[in-house]
There are 4 protein chains.
Amino acid sequence: MPTPSTDPSPAGRNRADVRRNERALLDAAAAVFVRAGVHAPVREIAAESGLGMGTIYRHFPTRADLVVAVFKHQVDALATTTPTDPTDSATDPPYQALRTWVHRFADFLVTKHGLAEAMHSDQAGFENLHNEFVERLLPVLDRLLTASAAAGSTRPDVRAYDLMLAVGNLCIGVETFPDYHARQMIDLLLTGLTRTDPTTQEHEEH
Amino acid sequence: MPTPSTDPSPAGRNRADVRRNERALLDAAAAVFVRAGVHAPVREIAAESGLGMGTIYRHFPTRADLVVAVFKHQVDALATTTPTDPTDSATDPPYQALRTWVHRFADFLVTKHGLAEAMHSDQAGFENLHNEFVERLLPVLDRLLTASAAAGSTRPDVRAYDLMLAVGNLCIGVETFPDYHARQMIDLLLTGLTRTDPTTQEHEEH
Amino acid sequence: MPTPSTDPSPAGRNRADVRRNERALLDAAAAVFVRAGVHAPVREIAAESGLGMGTIYRHFPTRADLVVAVFKHQVDALATTTPTDPTDSATDPPYQALRTWVHRFADFLVTKHGLAEAMHSDQAGFENLHNEFVERLLPVLDRLLTASAAAGSTRPDVRAYDLMLAVGNLCIGVETFPDYHARQMIDLLLTGLTRTDPTTQEHEEH
Amino acid sequence: MPTPSTDPSPAGRNRADVRRNERALLDAAAAVFVRAGVHAPVREIAAESGLGMGTIYRHFPTRADLVVAVFKHQVDALATTTPTDPTDSATDPPYQALRTWVHRFADFLVTKHGLAEAMHSDQAGFENLHNEFVERLLPVLDRLLTASAAAGSTRPDVRAYDLMLAVGNLCIGVETFPDYHARQMIDLLLTGLTRTDPTTQEHEEH
DNA sequence: AATGAATGAGAATTCATTCAT
DNA sequence: AATGAATGAATTCTCATTCAT
């Protein structure tokens, strides 16, 4: 809804308007995803955002586009921060860096209702989501895993792809079954990954 | 109403027919579940079975009833065979028994498209499914896990419930992502479960 | 299915069997009609009777046939007892006889959940029901009404048909709205039938 | 799209369109209700209106909402005109005012196929309909009846609620049975309501 | 004659997506 | 660009009626 007196542009909405709408949409979608999962009705997101449904479709033609966009920021954080942090790699042995990152990844998934599930959805329109994760995060995890294996801390025969999916999977059901301790299971997996040096392993577990 | 000694059935359509139909229904449902997941439309199962939709509702009032029935046989096998097999417990140390059962459990889940997913569904009508699994299988796993921990082979601080859900989770996505090796991830988890004994871990993996 | 030891007839069930079934059906239907109205599912009546649904259809091809049969006894009572009772007509003036019969008719309707409603149903298969009532009871009411009018107790310009439907109508809703006093309304109608305030009434009618 | 000063609507489809559709829906529903009763399938109303089923649900979430809306105008007329008309109360004695209103009420019901019936429906979604009538019209009738009783024209022991339901009931079946004269029966009821020959009437009631 | 399993049309309801304004 | 009303396919579930045994 343009405010004629303040906007002299004859063409209507300007770039700022559009960007503002997109932001509102993303915030609304994030809120709704938390509340009702990533399969929530489009109308609900529209209502939350205060914008029309048509606007959603204009900005994000498929649901996956929206989901990807919603989590892009957090994915970016996971993708960029860790591997470039020099202090981390200085102080932490590679295995510690791997553990830390996996935990952050898990925390991210666990706090997004339905996201872990959606990562595997073969529903039309969700391939993008999986691809996004693979493209952005797999290289990061791969680097960490390779470094850890190179240091002799972890087995060299485990692929980052499998590990990423496995961790994602272990996060499923956290909301549905409050009694399920995903964190501990992930730790089990990580421990299983290590190369048998007892001193390294025993005191890590929580 | 006379009860001829040879035919206890008082009704027209005889028992054999009815059982045959129920079998057809279960087979059809199994096939459709593989093809389209356990959320497949009832109509599709009816079409696959060659029977009417009403017949499905007669036999299995809720979807979960059908799902449970479809997998009952396999669940029964998992629930009964293992813990009572004396030769197993004689030859295998407790940890081996645990591994074997977990692998069988995983094989079962992996071959049923959508089953692992359905186990977590909070959709109406699927609670039964989760309950069925918990009620039937959790005691078995619990016994195996307790025995293994008692033998000092595995950590005593891991609950069977978490382990069951975790294994179930790790099986998710096997069909969707052919490149995902659930088996290896499950082995990682099992290894992580052991008490960090270097000799135990190295040669188990496949 | 014959009872071999007690029934030597080679042709199967004898007349007594069939009649017994019909009676069971009628009793069951009466019970279900009270409980769930005359639109109750056929299956429910079958279950109540302990007989099969097919048997119901054999005995009563349409639902109205069943409804008519269920109430036949009571209709018979209304149709035959009153007009032939000599003591009644001796002690009661004609108007009193009319009132008494109308009350009995109303009591009959009120105690059959859904019957008053069904009398008007234009649903396929219910014409019979209306016809049955008209054919059996209208002559009775007509006789009573004519006698009462002849004695100068009631208006001569009211037809028995209208009165019968009106009384039937006034019985509707007794179960649904416990606060509705059908009895009093019927009394109002009967009172209105008597010649009372000439100035108010005569010129209004259309 | 800037908001022209003449159109305050922020939305695409403008208000006039929406209102036109709602009107089309109401007209279609009224027509279908006459033809097939208020239980007619939603799809039929949609077809009659030329609009989609979803549109009906958008405008009228429950069937009762639609029914209420269809008859709202007439209910409004009955609810507001009469009691505030000063000339009526000046020229008519209270009993005449009562008669007039009851006739108007009956005319309304009689011309709406299935409405009188629906008023009593205990089907889910029809409570509102009954409530609407009671809430809107009962106070009006109560005022008229009380005034008439106060003037000594009618019996003081009859409640407006019973009278309203009774009149409604007497209107049932007008379309189904063309030979049924609801009008006359209502007049009978009203006449029975008047205080005339005390000896005949008072002691009969139970 | 009796049975009740099977059938499938019918009705309600939801929601992704389009498109006139 | 934005809107949100309109659409109607898709899905679930019920129950009258048929018919093989």
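Residue numbers begin at 1 in each chain, while the letters A, B, ... track the order of the sequences. Predicted, not measured: the structure shown is a model, and the values here were computed from it.
Of the two residues contacting DNA chain F, namely D:G52 and B:P61, the nearest-nucleotide position lying further toward the 5' end is that of D:G52. Comparing B:M53 and D:M53 along DNA chain E, the residue whose closest nucleotide (by nearest heavy atom) sits nearer the 5' end is B:M53. Heavy-atom nearest nucleotides on DNA chain E were determined for A:G54 and for A:R43, and the one closer to the 5' end corresponds to A:R43.
The separation between C:R20 atom CZ and E:dA2 atom P is 11 Å, rounded to whole Å. Taking atom CG of residue C:L25 and atom C1' of nucleotide E:dA1, one finds them 13 Å apart after rounding to whole Å. Between the NE2 atom of A:H59 and the P atom of F:dG4 there is a distance of 14 Å, given to the nearest Å. For the pair C:I45 CD1 and F:dT17 P, the computed distance is 12 Å after rounding to whole Å. As a whole-Å value, the separation of D:R58 CZ from F:dT7 P is 10 Å. Rounding to whole angstrom units, NE2 of residue D:H39 and C1' of E:dA12 are separated by 15 Å. Distance C:E44 CD to F:dT17 P: 16 Å, rounded to the nearest Å. Counting to the nearest Å, the P atom of E:dT17 and the CZ atom of A:R63 are 8 Å from each other.
The minimum heavy-atom distance between D:S49 and D:A24, with the atom names listed, is CB-O, 4.0 Å.
Between B:T55 and the phosphate of E:dT7, there is a side-chain N or O to OP1/OP2 separation shorter than 4.0 Å. Taking only side-chain nitrogens and oxygens, A:N21 never comes nearer than 4.0 Å to OP1 or OP2 of F:dA1.
Using the Watson-Crick or G-U wobble rule with both distances under 3.5 Å, E:dA16 pairs with F:dT7. As the counterpart of F:dA1, no nucleotide is assigned, since no Watson-Crick or G-U wobble pattern has both distances under 3.5 Å.
Contact annotation: the side chain of A:F60 never approaches that of A:V67 to less than 4.5 Å [non-hydrogen atoms, C-beta and beyond]. Using a 4.5 Å heavy-atom cutoff, the side chains of B:L25 and B:I56 are in contact.
When distances run from any side-chain atom of A:Y57 to the nucleotides E:dT21, E:dA2, E:dA16, the shortest one goes to E:dA16. Taking every side-chain heavy atom of D:P41 into account, E:dA11 is the closest of F:dC15, F:dT11, E:dA11. In this structure, the nucleotide among E:dT14, E:dT7, E:dA1 sitting nearest to the side chain of B:L51 is E:dT7. The nucleotide whose nearest atom lies closest to any side-chain atom of D:V42 is, among E:dA12, F:dT17, E:dA2, E:dA12.
Atoms CD and CG, from B:E22 and B:L66 in turn, are 9.5 Å apart once rounded to the nearest 0.5 Å.
D:R63 contributes a side-chain N or O that, together with a main-chain N or O of D:V38, makes up a donor-acceptor pair within less than 3.5 Å.
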